[in-house]
K.L.:
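One structure, pasted below without further comment.
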Amino acid sequence: MTLVASQTDDPPVVEGVEGAVEGTAQVALRLATDHLKRLQLPGGWWKGELETNVTMDAEDVLLRHFLGILTPETLAAAATRIRSLQRPDGPWATFYKGPGELSATVEAYVALRLAGDSPTDPHMEQAAAWVLDHGGVESARVFTHVWLAMTGCWDWEQLPAVPPELVFLPADWPLSVWSFGCWARQTIVALSVIMAHRESRPLPFRVDELRTGTAPRRRRVGPVGRALVGLDRALRRYEAMPE
């Protein structure tokens with residue numbers, strides 16, 4: 001394969017069919033390098049926003065409310081960003097231009113309610129209708145239900161048992177915290193402490209407009225799923241034991 005360099009900004013010329021892939025890679029490399037050079041700041045470094053999804057903004061609002069440190073300024077700024085990320089059809093996604101996602105939409109909706117948005121506002125009605133069409137708040141993920149329980153919008157008894165004693169399980173045991181990734185491990189351990197104490201700071205409103213009034217949509221579970229259900233029942237009996 002022969003790669004003929006050009007003295008202009010035109011892509012390099014590749015001679016031979018077998019060199020097409022390498023030639024394309026060279027073009028991509030040059031374009032990427034030029035783009036990074038344009039983004040470099042005068043001091044020599046680069047900086048950029050760490051993109052995540054709307055749940056981080058919503059959960060930050062709910063956490064600050066729970067801790068009693070939420071300020072009007074922080075709430076207003078977070079609400080502005082949350083509104084800007086709403087999809088045209090009403091929900092919120094978990095990645096750029098992704099489809100609507102139920103739990104993210106519930107968390108974003110509750111955060112906006114806390115910011116003063118009314119359930120009768122068009123964008124809120126649209127979001128609530130989407131939530132109801134997709135199973136309601138009852139079908140949201142457990143993590144979302146924990147946030148709602150921390151703010152008085154969900155019953156702690158409707159959450160699975162996650163005892164803090166899980167940290168004592170050996171690393172090679174099933175469900176040991178050490179068998180999870182670092183981000184999941186730190187989440188599970190923190191949640192187990194919160195769920196053991198069951199503290200809450202109720203919101204000044206209810207979110208009944210997100211409830212379908214029916215049981216969550218259940219998926220078919222195999223032997224592992226049935227075993228986890230049995231384990232949850234056993235852990236609930238353990239939690240009910242006197243200290």
Side-chain angles (χ1 to χ4, degrees), residues 49-70 74-75 78 81-82 85 91-96 98-112 114 131 134-135 137-203 207 210 216 218-219 221 224-225 227-236 238-239:
E49 181 179 3
L50 178 60
E51 287 284 352
T52 178
N53 60 66
V54 72
T55 61
M56 295 296 100
D57 301 280
E59 291 167 10
D60 180 72
V61 167
L62 297 178
L63 178 61
R64 290 173 185 269
H65 166 80
F66 177 76
L67 297 175
I69 60 173
L70 181 61
T74 299
L75 180 56
R81 175 167 173 77
I82 291 172
L85 297 175
W92 281 263
T94 54
F95 57 91
Y96 183 66
E101 201 279 328
L102 178 62
S103 297
T105 301
V106 169
E107 293 179 19
Y109 180 95
V110 174
L112 290 183
L114 188 56
V131 169
H134 289 78
V137 67
E138 297 94 337
S139 297
R141 60 179 179 166
V142 171
F143 196 36
T144 298
H145 288 161
V146 173
W147 282 109
L148 294 178
M150 291 169 59
T151 51
C153 295
W154 194 259
D155 187 353
W156 287 105
E157 293 296 332
Q158 293 183 313
L159 293 170
V162 186
E165 289 82 357
L166 285 174
V167 298
F168 295 126
L169 290 178
D172 56 348
W173 279 40
L175 299 182
S176 167
V177 295
W178 303 107
S179 64
F180 295 91
C182 63
W183 66 269
R185 183 164 60 247
Q186 64 193 17
T187 301
I188 292 171
V189 172
L191 285 182
S192 70
V193 175
I194 292 173
M195 296 171 71
H197 288 281
R198 298 189 174 189
E199 298 287 345
S200 66
R201 184 184 294 270
L203 296 168
V207 290
L210 300 183
R218 293 188 176 182
R219 301 175 181 175
V221 296
V224 175
L228 290 175
V229 171
L231 176 62
D232 180 65
R233 292 172 180 169
L235 290 175
R236 286 181 181 278
Y238 168 77
E239 289 183 336

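As a basis for the values below, the full set of heavy atoms in this structure was taken, side chains included, without hydrogen atoms, waters or symmetry mates. Please read these numbers as outputs of a predicted model, since none were measured by experiment.
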K.L.:
Which atom names give the shortest non-hydrogen contact between I194 and W156, and what distance separates them?
P.N.:
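Looks like CG2-CH2, 3.9 Å.
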K.L.:
Indicate the atoms forming the closest heavy-atom contact of T94 with A104, along with that distance.
P.N.:
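Taking T94 first and A104 second, the nearest heavy atoms are CG2-CB, 4.0 Å.
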K.L.:
So, H134 side chain and A140 main chain: donor-acceptor pair closer than 3.5 Å or not?
P.N.:
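Here the side-chain-to-backbone pair does not exist.
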K.L.:
Enter the distance from L70:CG to L75:CG here, rounded to the nearest 0.5 Å.
P.N.:
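Output value for this atom pair is 5.0 Å.
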K.L.:
Could you pull out all residues at least two apart from E199 that satisfy side chain to side chain contact (heavy atoms under 4.5 Å, CB included)?
P.N.:
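Side chain to side chain contact (heavy atoms under 4.5 Å, CB included) list for E199, sorted by chain: F66, H197.
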K.L.:
Hey, does the side chain of S192 reach the backbone of P163 with a donor-acceptor pair shorter than 3.5 angstrom?
P.N.:
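Not a single qualifying donor-acceptor pair exists.
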K.L.:
Which heavy atom of S200 sits nearest to which heavy atom of G152, and what is that distance?
P.N.:
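Distance-wise, the nearest heavy atoms are CB-N, 4.2 Å.
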K.L.:
Start with the C-alpha gap between W147 and V110, add the side-chain angles, then the distance that decides, and say whether side-chain contact (heavy atoms from CB on, under 4.5 Å) holds.
P.N.:
CA-CA 10 Å; W147 282 109; V110 174; over 6 Å; no
K.L.:
Sequence neighbours left out, cut at 3.5 Å: what donor-acceptor pairs do the side chains of residues 172-182 make with other protein atoms?
P.N.:
from: S176; atom 1: OG; to: P170; atom 2: O; distance (Å): 3.2
from: S176; atom 1: OG; to: W178; atom 2: N; distance (Å): 3.2
from: S179; atom 1: OG; to: S176; atom 2: O; distance (Å): 2.6

K.L.:
Would you name the heavy atoms of V131 and V137 that are closest together and state the gap between them?
P.N.:
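Minimum heavy-atom separation between V131 and V137: CG1-N, 3.9 Å.
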K.L.:
Is there side-chain contact between M150 and L62, with at least one heavy-atom pair below 4.5 Å?
P.N.:
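Result no, sub-4.5 Å side-chain heavy-atom pair not found.
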K.L.:
Assess the residue pair L203 and H65 against the criterion (side-chain contact (heavy atoms from CB on, under 4.5 Å)); give the C-alpha distance rounded to whole Å, side-chain angles, the decisive distance to 0.1 Å, and a yes or no.
P.N.:
CA-CA 8 Å; L203 296 168; H65 166 80; 3.5 Å; yes
K.L.:
What distance do T151 atom OG1 and L114 atom CG have between them, rounded to the nearest 0.5 Å?
P.N.:
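Answer rounded to 0.5 Å: 9.0 Å.
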K.L.:
For a quick test of reading the model, state the closest non-hydrogen atom pair linking W92 to Y109 and the distance between them.
P.N.:
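Scanning both residues, the minimum pair turns out to be CZ3-N, 4.4 Å.
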K.L.:
Show the numbers, then the answer: is there a side-chain contact (heavy atoms from CB on, under 4.5 Å) between D60 and R64?
P.N.:
CA-CA 6 Å; D60 180 72; R64 290 173 185 269; 2.8 Å; yes
K.L.:
Could you report the tightest heavy-atom contact between G98 and A93, atom names first, then the distance?
P.N.:
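Between these two residues, the closest heavy atoms are O-CB, 3.3 Å.
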K.L.:
Is a side-chain donor or acceptor of H145 paired with a backbone partner of W154 at a separation under 3.5 angstrom?
P.N.:
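Such a contact is absent between H145 side chain and W154 backbone.
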K.L.:
Could you measure the distance from the CG atom of L159 to the CG atom of L191? Nearest 0.5 Å is fine.
P.N.:
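Output value for this atom pair is 9.5 Å.
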K.L.:
Can you measure from CG (L63) to CE (M56) and round to the nearest 0.5 angstrom?
P.N.:
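Rounded to the nearest 0.5 Å, the CG-CE separation comes to 11.0 Å.
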K.L.:
Charged N to carboxylate O below 4.0 Å: is that the case for R141 and E107?
P.N.:
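Here R141 pairs with E107 in a salt bridge, since their nearest N and O are under 4.0 Å apart.
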K.L.:
Could you grab the distance from atom CG of L85 to atom OH of Y96, nearest 0.5 Å is fine?
P.N.:
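One finds 11.0 Å between CG of L85 and OH of Y96.
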K.L.:
Do S103 side-chain atoms and T144 backbone N/O form a donor-acceptor pair below 3.5 Å?
P.N.:
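Absent.
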K.L.:
Hey, what do you get for CG (L166) to CZ (R185), rounding to the nearest 0.5 Å?
P.N.:
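Reported to 0.5 Å precision, the distance equals 13.0 Å.
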